[in-house]
There are 2 protein chains.
Amino acid sequence: MAEVITISDAQDPRIAAFSAIRERDLVGREGRFIAEGTVVLRMLLAAHHANAGIRAEALLLLENRVAGLAPLLEEWPDDLPVYVASAAVLDAIAGFHLHRGVLALGSRLTAPCASDLIAGLPEKALVLVGCGISNHDNVGSMFRNAAGFSADAVLLDETSCDPLYRKALRVSVGSVLSVPYAREQSGIALLSALDAAGFMVAALTPSGQTEIGAIASGLKDRQRLALVVGTEGEGLPPEVLARFMTVRIAQSSRLDSLNLGTASGIALHCAALALGKLG
Amino acid sequence: MAEVITISDAQDPRIAAFSAIRERDLVGREGRFIAEGTVVLRMLLAAHHANAGIRAEALLLLENRVAGLAPLLEEWPDDLPVYVASAAVLDAIAGFHLHRGVLALGSRLTAPCASDLIAGLPEKALVLVGCGISNHDNVGSMFRNAAGFSADAVLLDETSCDPLYRKALRVSVGSVLSVPYAREQSGIALLSALDAAGFMVAALTPSGQTEIGAIASGLKDRQRLALVVGTEGEGLPPEVLARFMTVRIAQSSRLDSLNLGTASGIALHCAALALGKLG
């Protein structure tokens with residue numbers, strides 16, 4: 001087990017990467033990100049040991065969490081630092097009250113490339129695509145649902161937010177570290193690539209032609225399906241809706257639309273059942 | 001249109017009901033609640049004018065929102081006060097920064113009674129039941145989904161939180177004010193009453209016997225369905241699972257469970273389709 005280093009000064013340069021972790025500061029520091037809480041830490045360790053392009057770098061714990069985390073700390077690489085601080089010092093480092101008391105620093109070694117990811121998908125494949133998803137909670141929910149319904153990948157267009165933002169990672173319950181994804185290009189470019197790879201592309205919109213529960217009949221003998229979601233407000237770009245099959249979630253006329261997390265969950269559940277991906 | 005009263009002192013007794021609106025303070029003040037934002041305000045006005053046991057009482061607006069809200073203010077009852085304040089005064093009243101700048105005070109005249117509510121349900125009926133749902137976001141999501149999928153009522157056991165809490169009301173997008181509900185008794189008492197009223201009771205649990213997508217076959221010729229959800233952590237009480245039909249949402253074995261909002265949305269979508277409630 002790694003040696004535990006006590007930090008008594010919030011300005012200590014050894015924990016500078018943990019300082020003032022606000023959403024806007026989290027990504028872009030050379031691919032680094034902050035994992036918060038034990039569940040996300042466990043996912044980070046799994047990704048680290050799987051050599052999946054994600055590395056753990058350092059751990060910062062509230063002093064009274066160390067004993068309870070002993071089993072997890074056994075898995076922490078011996079050569080990586082484990083810092084420990086009192087509640088006062090920890091809150092001063094983070095810049096807000098951290099009631100979970102578990103922060104890990106991780107890094108993504110290479111930005112995944114959409115074309116490589118698509119090329120590596122299995123014959124029977126389910127992909128969730130997001131266009132313009134700037135809300136961190138919504139991106140996190142998409143990943144949680146993608147993991148929950150055995151999606152093979154998430155593709156985000158370049159205007160969507162980075163899923164490694166602390167809040168997106170936390171809402172995903174760490175699924176951002178387990179579900180393969182790429183974030184680049186325009187939505188239409190990503191969908192064209194999926195179309196060329198034999199995917200049925202189904203764009204989710206309140207005015208969609210096919211009810212999502214009937215997606216199985218649309219698939220016919222195809223085994224590859226890409227579900228596309230847009231923002232809660234503006235929805236998907238007109239060029240996406242014009243070019244691809246559209247699907248809707250039947251709902252009451254009383255309400256505008258569902259929350260994006262719920263909508264993506266409903267669509268993935270139907271799609272995963274139709275593809276026979278849930279055992 | 002009601003006269004606009006400018007408030008320049010955060011301690012002004014006329015706006016005392018809006019002061020320090022923290023979650024814990026919101027309900028229990030003689031059935032009063034706080035509606036936040038224009039969408040929820042619109043729902044409050046609709047409920048007020050429908051004489052549905054909900055009354056609007058007062059409005060407190062950020063001064064620069066008044067002009068833009070003129071059409072809504074036309075619907076505001078002439079005899080009820082509209083207070084206006086600067087951002088600094090408004091934030092001092094609320095106790096935090098209110099970027100929406102729209103707060104309304106409402107009241108519930110009588111607490112709805114579960115037996116009356118059940119007795120008044122239509123022949124073809126869908127009810128969502130929550131047991132032990134203490135999280136405000138989750139209760140709000142349940143109502144948003146209930147409205148989205150044309151559920152006829154929400155029943156909450158006495159250990160669930162009050163859906164009129166500000167955050168639950170906001171997350172519900174005001175649906176707490178439009179979907180009939182009651183909150184009382186134990187879960188098993190509510191479910192027994194629904195069972196006696198001819199409902200098929202389906203309890204959602206990861207170990208459920210029937211996949212939710214197959215709920216239609218379980219219904220046979222019945223037209224009344226109650227879906228029951230528990231907390232994300234502990235799930236439903238054993239006596240509920242032992243006595244009633246159990247349903248599951250098929251999902252990957254990789255993840256513990258779905259977010260409650262997503263799970264209730266998936267279940268309601270399947271149930272509403274099976275009952276033919278979505279047109």
Side-chain angles (χ1 to χ4, degrees), chain A residues 39 42-43 46 126 137-138 140-152 170-175 177-179 206 211-216 232-233 248-279, chain B residues 39 42-43 46 126 137-138 140-152 170-175 177-179 206 211-216 232-233 248-279:
Chain A
V39 179
R42 194 170 287 123
M43 301 289 271
L126 175 59
D137 290 80
N138 285 343
S141 301
M142 285 174 60
F143 276 86
R144 182 174 181 177
N145 291 334
F149 294 114
S150 300
D152 299 285
R170 195 182 67 207
V171 171
S172 84
V173 200
S175 300
L177 303 176
S178 65
V179 177
E211 213 285 327
I212 187 71
I215 191 86
E232 286 182 34
R248 72 179 184 281
I249 296 172
Q251 58 196 282
S252 159
S253 53
R254 283 184 295 174
L255 207 77
D256 265 5
S257 75
L258 299 167
N259 159 295
L260 181 61
T262 304
S264 68
I266 291 170
L268 283 166
H269 174 248
C270 292
L273 284 177
L275 287 169
K277 286 194 69 85
L278 299 174
Chain B
V39 178
R42 194 170 287 121
M43 301 288 271
L126 174 59
D137 291 78
N138 285 342
S141 301
M142 285 174 60
F143 276 86
R144 182 172 180 179
N145 291 333
F149 294 114
S150 300
D152 299 285
R170 194 183 68 207
V171 170
S172 84
V173 200
S175 300
L177 303 176
S178 66
V179 177
E211 213 286 325
I212 187 71
I215 191 85
E232 285 183 34
R248 72 178 183 280
I249 296 171
Q251 58 196 281
S252 159
S253 52
R254 283 184 296 174
L255 206 76
D256 265 6
S257 73
L258 299 166
N259 160 297
L260 182 61
T262 303
S264 68
I266 291 170
L268 284 165
H269 174 248
C270 292
L273 285 177
L275 287 168
K277 286 193 70 84
L278 300 174

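Throughout, protein chains are lettered first and strands after them, A, B, ... in sequence-line order, and every chain is numbered starting at 1. In this text the structure is predicted, and so the values were computed from the model without any measurement.
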Enquirer: Look up atom NE2 in His269(B) and atom CD in Glu211(A), then write down how far apart they are to the nearest 0.5 Å.
Expert: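 His269(B) NE2 to Glu211(A) CD: 3.5 Å, rounded to 0.5 Å.
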
Enquirer: At a heavy-atom distance under 4.5 Å, which candidate from Val39(B), Leu273(B), Ile212(B) has the highest pair count against chain A?
Expert: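 Highest number of heavy-atom pairs under 4.5 Å: Leu273(B).
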
Enquirer: How long is the gap from CG on Asp137(B) to CG on Asn259(A), to the nearest 0.5 Å?
Expert: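 Answer for the CG-CG pair, Asp137(B) versus Asn259(A), is 10.5 Å.
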
Enquirer: Under a 4.5 Å heavy-atom cut-off, does chain B meet the side chain of Ala250(A), its backbone, both or neither?
Expert: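 For Ala250(A), backbone and side chain are both near chain B.
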
Enquirer: Can you name the nearest heavy-atom pair linking Ser252(A) to Ser150(B), along with the distance?
Expert: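 Answer, listing the atom of Ser252(A) first, then Ser150(B): CB-OG, 3.2 Å.
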
Enquirer: Taking atom OG1 of Thr262(A) and atom CG of Leu268(B), what is their separation to the nearest 0.5 Å?
Expert: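 These two atoms lie 10.0 Å from each other.
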
Enquirer: Find the distance between CZ (Phe149(B)) and CD1 (Ile266(A)) and round it off to the nearest 0.5 Å.
Expert: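 Taking CZ in Phe149(B) and CD1 in Ile266(A), the distance rounds to 3.5 Å.
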
